[in-house]
Amino acid sequence: MTADPFDPELFRARGHAIVDRLADHLVAASRGPEGSPVLPWVPPAEMAKRWPATFDAPTDPLALVDAVVRGSNHLHDPRYVGHQVTSPLPTAALFELVATLLNNGSAVYEMGPVSIGMERSVLGFLAQKLGFGAGADGVLTSGGSAGNLTALLAMRQAMAGYDAWGQGSAGGPPLAILASDQTHYCVKRSAQILGLGDDGVASVPTDDAFRLRPDLLEGALAEATARGRKVIGVVGSACSTATGAIDPLDEIADFAERHGLWFHVDGAHGASLVLSTSLAPRLRGIERASSVVWDAHKMMLTPALLTAVVFREGRRSYESFAQEASYLFAGQAAADHERNWWDVGQRTLECTKRMMGFVLYATLATHGAAAIGAYVEGRVALTARFADMLTEAGDFEIATPPDANILCFRFTGGGLADSELDDAQARVRQRILERGAFYLVQTRLRGGLWLRVTLINPRTDESHLVALMDEIRRVAAA
Ligand SMILES: Cc1ncc(COP(=O)(O)O)c(C=O)c1O
């Protein structure tokens with residue numbers, strides 16, 4: 001170990017060197033086709049062998065960083081069109097560095113005052129963008145999965161009709177939530193964590209565009225009720241993960257209102273559309289939701305994980321978690337709904353929480369909400385354009401026209417029979433993964449296998465998509 005690992009001058013020197021390397025990486029990544037592979041594919045077992053746990057002698061941290069950068073999935077490469085994780089704004093990554101060095105746990109005010117003040121302010125901003133009125137509030141948490149769990153916990157406590165915390169599931173009839181068959185798996189996982197069991201999510205079928213069919217909600221409610229379930233809420237996706245379909249939120253809100261149900265919107269990916277005046281109408285009805293989950297690390301260009309859970313009635317945010325912890329939250333009783341908002345940990349899964357408020361606030365403050373809205377618009381427009389390009393090409397088909405910036409499609413050229421289509425997509429995807437010229441993913445839709453892209457990198461443009469189509473044709477023919 002060097003003389004003093006806390007030596008500020010050592011930190012300065014290493015910091016400059018690491019930032020230089022990351023800047024070089026950004027240059028290389030933005031080069032696209034001529035640069036290094038998007039993902040230098042290595043099978044998992046081989047990757048684990050590359051990193052023996054030999055911690056006896058100190059390693060050069062710069063060499064380590066070089067190896068990590070080289071071997072990673074390069075989200076800043078415009079040929080990255082894979083899962084819904086953004087290439088973060090480099091300045092936002094620097095904010096993360098500040099946050100991790102200060103390491104203020106932002107669940108208890110005294111431990112992270114600035115970030116908690118910023119969190120309060122930024123939640124107000126997001127609530128206003130969603131169209132919520134006065135009284136809305138929420139929390140930041142570690143990802144969409146944790147966010148959906150947080151919202152569904154509040155739903156259960158508010159709607160069960162008994163004290164779901166105090167009495168547990170023995171307090172009343174088994175509960176259920178309605179959600180479409182395209183809902184992200186974490187909603188079902190949350191329901192299972194909540195003790196609702198396998199039948200806890202009653203699946204509502206979707207239409208040809210993979211959007212929840214509101215005309216089938218009444219039937220799903222009646223069917224769950226007949227099974228002895230008390231339905232407490234309904235989940236709309238805005239948008240869904242697999243195809244980016246936006247559920248008819250206004251109609252779901254009508255249904256929820258008619259039956260006095262909690263209406264939760266999983267806007268992990270698509271809530272950011274409200275930052276664009278032209279796209280916001282696609283989410284009409286979101287302003288009627290009881291709760292919304294919104295990931296900043298998907299379409300707001302922040303590093304992961306950073307998620308907002310916003311409640312139309314802010315007091316509901318105190319109902320997700322109800323443990324008493326006087327050693328942290330001074331002088332507050334668990335059942336007291338007037339608890340101090342500044343001890344955010346009462347309302348989040350995390351006890352020690354990263355400085356998320358600061359990172360999101362600083363990203364919005366330095367970049368501007370309008371610029372992020374324009375970025376979202378650009379990605380959605382490019383995805384619509386890509387759908388047209390694929391349709392016009394004749395040797396591709398799309399699963400459905402995109403509502404947002406996710407698109408599923410498949411290669412149908414090269415004389416492939418219908419029965420060969422699935423295998424062909426899997427083969428194409430695997431070859432592209434191994435060649436590293438692009439990074440795209442795949443999904444199963446109604447039994448068939450489809451290639452799937454999320455156009456989330458701000459530098460991806462039409463030329464990259466033309467090149468992707470050519471790459472697919474090339475590897476399909478090989
Ligand atoms: C609609 C939706 N909900 C929830 C999640 C889970 O979010 P996270 O990966 O931040 O936990 C995702 C992730 O892709 C998503 O698309």
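One-based numbering, in listed order, for ligands and for the atoms of each.
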Measure from NZ or CZ of Arg446 to the centre of the six-membered ring of Phe210 and say whether it is under 6.0 Å with the direction within 45° of the ring axis.
yes
Using the ring of Trp342 (Phe, Tyr or Trp, six-membered ring only), decide whether Arg120 places NZ or CZ under 6.0 Å from its centre and within 45 degrees of its axis.
no
Does NZ or CZ of Arg316 lie under 6.0 Å from the centre of the six-membered ring of Phe311, at an angle within 45° of the ring axis?
no
Residues two or more places apart in sequence or in another chain: which of them pass ring-ring contact (aromatic ring centres under 6.0 Å, His included) with His74?
His25
Mind checking what residues have non-hydrogen atoms under 4.0 angstrom from ligand 1?
Gln84, Gly143, Gly144, Ser145, Asn148, His184, Cys186, Cys239, Thr241, Asp266, Ala268, Asp295, His297, Lys298
Who passes ring-ring contact (aromatic ring centres under 6.0 Å, His included) against Phe386, sequence neighbours left out?
Phe409
Hits for ring-ring contact (aromatic ring centres under 6.0 Å, His included) against Phe95, two or more places apart or cross-chain, chain-then-number order -> Phe358
